[in-house]
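For clarity, every value in this text was computed on a predicted model and none was experimentally measured. Here is how names work: the chains are called A, B, and so on, in the same order as the sequence lines, proteins then strands, and each is numbered from 1.
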Amino acid sequence: MYQAPRGTADLLPEEQKYRRYIESKAVALARSYGYGRIDSPVFEDAGLFVRSVGEGTDIVEKEMYTFEDRGGDLVTLRPEGTAPVCRAYLEHGMHNLPQPVRMYYFCPVFRYERPQAGRFRQHHQFGVEVLGDANPAVDAEVIELAWRLMHSLGLTDIELFINSIGDGESRPQYIEELKSYYTQRLAALCQDCRSRLERNPLRLLDCKVENCRGIGETAPRSVDHLDPESLDHWEKLQSYLSAMDIPYQVDHRLVRGLDYYSRTVFEIQPLDAGAQSTICGGGRYDGLIEQLGGRPTPGIGFGSGLERLTLNLKRSGVEVPDEPSPSYLVANVGDDARLHALELASRIRRAGAGAILSSGSRALRGQMRQANALGIPYVLILGDDEISRGEVVIRDMATSTQETASLTDFLRSLESNGQ
RNA sequence: GCGAGCGUAGCCAAGAGGCCUAAGGCGCCUGUCUGUGGCACAGGAGAUCACGGGUUCGAAUCCCGUCGCUCGCCCCA
């Protein structure tokens, strides 16, 4: 038998309410901040991600689904949400729109990883991007949006971590300093950290190994090596967050695994953090548009994993509303009744209400059971007697009461309710 | 990519070499109730015991491999 590919999952009907819930909250919030939706293709030219995410990153080096299509083009299944939005910004000349341009998206994301709790090969993200405004007030707005999204979902036991990793000017100097600090302590470092030293020095700070952690505590901090403008940006961001009553913690070890970030980076995590705990992560990427061939254009955004959000909703016992059942189930007894039931169900739907046509192959008892199991509030009963009199029995399942009405009256009241 | 645990019907599971033509529960279907749900009782359907190979007179049970899931690392949402 076939199974869904490793690291992928079917989202079954009974799970959809979580996805629907998150989407409706996220859309409402994004729209209230003036964001417009964008949908980009599931696959892109492979080069887009190599250039934006960065050649040395894990994502590009070993996690991308890249293949040659039948025409010989090298394409990649989207491994993250930001680069395609930036590509679209450039492709559609959005710099001619009033700046900044605010966009949000929902999309599947693909990374060839080893699956475990909260980590998949295909997952889904909600994300936002703001392009064309370098002001720290925008950083604060984006972070506030992320923070308020979590709260509107009912996730309140969460923490916000922020850091600044400097810009293209100051970062190389900081990285050099970091390297020399770690090089002096090379003997005490774990194997991974030794290779990180050359490959991705910023990640040294994030090592979980006990020894390296200790070394990281006293390592040079990026915020102490900011150029004057980045420092100003950093300080303003913090004062803005405070002004909006958003509690945050500065985490000097917070770095992110994508090369395009500059200045502000942030993450939101649940308090009882497990391994794959980050439910929202983002940052500023002022050099990215230029990197992709555009004019220098600042940008900032975040991504949030829908599967991880769902996991946390379940863990925290947040009540998510069920998707409503249709109001009516049309039960029928006898071959003649089937035709009339079909017609009645159709007319109910045309009047704008929901109806399920019961398979009349079972006894009425079985049809009632089905209505009960499906949570249908009203059962309409059609048998030979009702049909010959042009009537229908309307049973209210919650109160176990029922009345007989004429079909035309019933449909008329349905239509007037619909308007 | 590395380390550890697990894999018995749609779901939860008993089972530890022969008494397994695999217990029980949930769910599903039917009946008790000739046209009326939720409760109860009775019955029924549903499993090549993840897959492949091996050991043995005999394997769900032991061994090996593969696949999948879970947990940790790495990395990230």
**Q** Using 4.0 Å as the upper bound for N to carboxylate O, is an ion pair formed by Arg37(A) and Asp39(A)?
**A**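 The answer is yes: the pair qualifies as a salt bridge.
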**Q** Do side-chain atoms of Tyr181(A) reach the backbone of Ile215(A) as a donor and acceptor pair under 3.5 angstrom?
**A**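 Answer holds: yes.
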**Q** Base, sugar-phosphate alone, or nothing: which one does Glu113(A) contact when heavy atoms must sit under 4.0 Å apart?
**A**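 Since a base atom lies under 4.0 Å of Glu113(A), the category is base.
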**Q** Atom CG of Leu364(A) to atom C1' of G37(B): distance rounded to whole Å?
**A**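 After rounding, the gap between these two atoms is 9 Å.
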**Q** Could you give the distance separating C26(B) and U66(B) at their C1' atoms, to the nearest angstrom?
**A**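 Each nucleotide's C1' atom is 33 Å from the other's.
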**Q** Between A47(B) and G1(B), how many Å separate the two C1' atoms, rounded to a whole number?
**A**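 So the two C1' atoms sit 36 Å from each other.
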**Q** Counting any heavy atom closer than 4.0 Å, what does Gly7(A) reach on the DNA or RNA strands: base, sugar-phosphate only, or nothing?
**A**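 Sugar-phosphate, backbone atoms only, no base.
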**Q** Does A13(B) pair with anything, Watson-Crick or G-U wobble, both distances under 3.5 Å, and if so, with which nucleotide?
**A**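 Result: none.
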**Q** Given atom CD of Glu14(A) and atom P of G27(B), what is their separation to the nearest angstrom?
**A**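 From Glu14(A) CD to G27(B) P: 15 Å.
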**Q** May I ask you to check whether Tyr65(A) and Phe49(A) place their ring centers less than 6.0 Å from one another?
**A**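 So the answer is no for these two rings.
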**Q** Report the residue (His124(A) or Ala398(A)) whose heavy-atom-nearest nucleotide on RNA chain B is the more 5′ of the two.
**A**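 The residue closer to the strand's 5' end, by nearest nucleotide, is Ala398(A).
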**Q** Whether Arg221(A) and Asp224(A) form a salt bridge (side-chain N of Lys/Arg under 4.0 Å from carboxylate O of Asp/Glu) is what I want to check.
**A**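 Here Asp224(A) does not pair with Arg221(A) in a salt bridge, since their nearest N and O are not under 4.0 Å apart.
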**Q** In whole Å, what separates the P atom of G27(B) from that of A50(B)?
**A**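 Rounded to whole Å, the distance is 26 Å.
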**Q** Kindly point out which of U36(B), G35(B), C69(B) is positioned nearest to the side chain of Pro115(A)?
**A**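 Of U36(B), G35(B), C69(B), C69(B) is nearest to the side chain of Pro115(A).
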**Q** Strictly by Watson-Crick or wobble contacts shorter than 3.5 Å, is anything paired with U32(B), and which nucleotide is it?
**A**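 In the structure as shown, U32(B) has A40(B) as its Watson-Crick or wobble partner.
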**Q** CD of Glu63(A) versus C1' of C74(B): gap in Å, rounded?
**A**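 Distance, rounded to whole Å: 9 Å.
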**Q** Taking only the P atom of each, what is the distance from G44(B) to A22(B) in whole angstrom?
**A**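 One P to the other, the span is 14 Å.
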**Q** Side-chain donor or acceptor of Arg119(A) under 3.5 Å from a matching atom on the base of C74(B)?
**A**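 It does, because a donor-acceptor pair links the side chain of Arg119(A) to the base of C74(B) below 3.5 Å.
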**Q** Using atom types as modelled and distance alone, determine if a side-chain donor or acceptor of Arg119(A) lies under 3.5 Å from a backbone N or O of Arg114(A).
**A**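 Flag set: sc Arg119(A) to bb Arg114(A) pair under 3.5 Å.
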**Q** Rounded to the Å, how far apart are Phe266(A) CZ and A77(B) C1'?
**A**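 It is 12 Å, rounded to the nearest whole Å.
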**Q** Glu44(A) pairs by salt bridge (charged side-chain N to carboxylate O under 4.0 Å, His left out) with which of Arg51(A), Arg87(A), Arg78(A)?
**A**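 Considering Arg51(A), Arg87(A), Arg78(A), a salt bridge (charged side-chain N to carboxylate O under 4.0 Å, His left out) with Glu44(A) is found only for Arg87(A).
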**Q** With P as the reference atom in both, quote the distance from C51(B) to G68(B) in angstrom, rounded to an integer.
**A**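 Roughly 15 Å separates the two P atoms.
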**Q** Taking OP1 and OP2 of C69(B), is either one under 4.0 Å from a side-chain nitrogen or oxygen of Gln116(A)?
**A**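 Checking C69(B) against Gln116(A), no side-chain N or O comes under 4.0 Å of OP1 or OP2.
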**Q** Send over the distance from Leu329(A) CG to G35(B) P, rounded to a whole Å.
**A**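 Rounded to whole Å, this separation is 17 Å.
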**Q** Mark yes or no for a side-chain to base donor-acceptor pair under 3.5 Å between Gln402(A) and U36(B), with no hydrogen or angle criteria applied.
**A**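 Such a pair exists between side chain and base.
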**Q** Write down the distance separating the C1' atoms in A13(B) and G18(B), rounded off to the nearest Å.
**A**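 24 Å, rounded to whole Å.
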**Q** Kindly say if Arg365(A) contacts the phosphate of G37(B), meaning a side-chain N or O under 4.0 Å from OP1 or OP2.
**A**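 Answer yes for this pair, as a side-chain N or O of Arg365(A) is under 4.0 Å from OP1 or OP2.
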**Q** Sticking with atom P, work out how far A16(B) lies from C11(B), rounded to a whole angstrom.
**A**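 About 23 Å, rounded to a whole number of Å.
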**Q** Classify Phe302(A) by what it touches in the nucleic acid, base, sugar-phosphate, or nothing, heavy-atom distance under 4.0 Å.
**A**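 Contact class for Phe302(A): none.
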**Q** Taking CD from Gln122(A) and P from A77(B), how many angstroms apart are they, rounded to a whole number?
**A**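 Nearest whole value for this atom pair: 16 Å.
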**Q** Decide whether a cation-pi geometry holds between Arg102(A) and Tyr33(A); the criteria are a distance under 6.0 Å from NZ or CZ to the six-membered ring centre and an angle within 45° of the ring axis.
**A**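 Pair Arg102(A)/Tyr33(A) does not count as cation-pi.
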**Q** Would you mind pulling out the nucleotide paired to C49(B), Watson-Crick or G-U wobble, both distances under 3.5 Å?
**A**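 Looking at the geometry, C49(B) pairs with no nucleotide.
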**Q** Less than 3.5 Å between a donor and an acceptor, one on the side chain of Glu386(A) and one on the base of G35(B), is that the case here?
**A**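 Such a pair is found, so the answer is yes.
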**Q** Quickly work out the Ile381(A) CD1 to G35(B) P distance and round it to whole Å.
**A**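 Distance, rounded to whole Å: 12 Å.
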**Q** As a test of reading the structure: which of G37(B), G35(B), U70(B) is closest to the side chain of Ala117(A), going by heavy atoms?
**A**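 That would be U70(B).
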**Q** Let me know the distance between CD of Gln3(A) and P of A50(B), rounded to the nearest Å.
**A**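 Checked: the CD to P distance equals 13 Å.
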**Q** Give me the distance, rounded to whole Å, that separates C33(B) from G38(B) when you measure between the C1' atoms they each carry.
**A**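 Approximately 15 Å lies between the C1' atom of C33(B) and that of G38(B).
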**Q** Taking any strand in view, what nucleotide pairs with C71(B) in a Watson-Crick or G-U wobble way, both distances under 3.5 Å?
**A**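 Its partner is G3(B) (Watson-Crick or G-U wobble, both distances under 3.5 Å).
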**Q** Let's test this: given Watson-Crick or G-U wobble pairing with both distances under 3.5 Å, identify the partner of C19(B).
**A**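 Because no pair has both required distances under 3.5 Å, C19(B) counts as unpaired.
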**Q** Which nucleotide in the set U36(B), C69(B), A77(B) lies at the smallest distance from any side-chain heavy atom of Val393(A)?
**A**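 Comparing U36(B), C69(B), A77(B) against the side chain of Val393(A), the answer is U36(B).
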**Q** State whether Arg114(A) places a side-chain N or O below 4.0 Å from either non-bridging phosphate oxygen (OP1 or OP2) of C74(B).
**A**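 For C74(B), OP1/OP2 do not have a side-chain N/O of Arg114(A) under 4.0 Å.
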**Q** Considering all heavy atoms of both residues, which atom of Cys280(A) and which atom of Thr278(A) are nearest to each other, and what is their separation?
**A**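 Shortest heavy-atom separation between Cys280(A) and Thr278(A) comes out as O-CG2, 3.3 Å.
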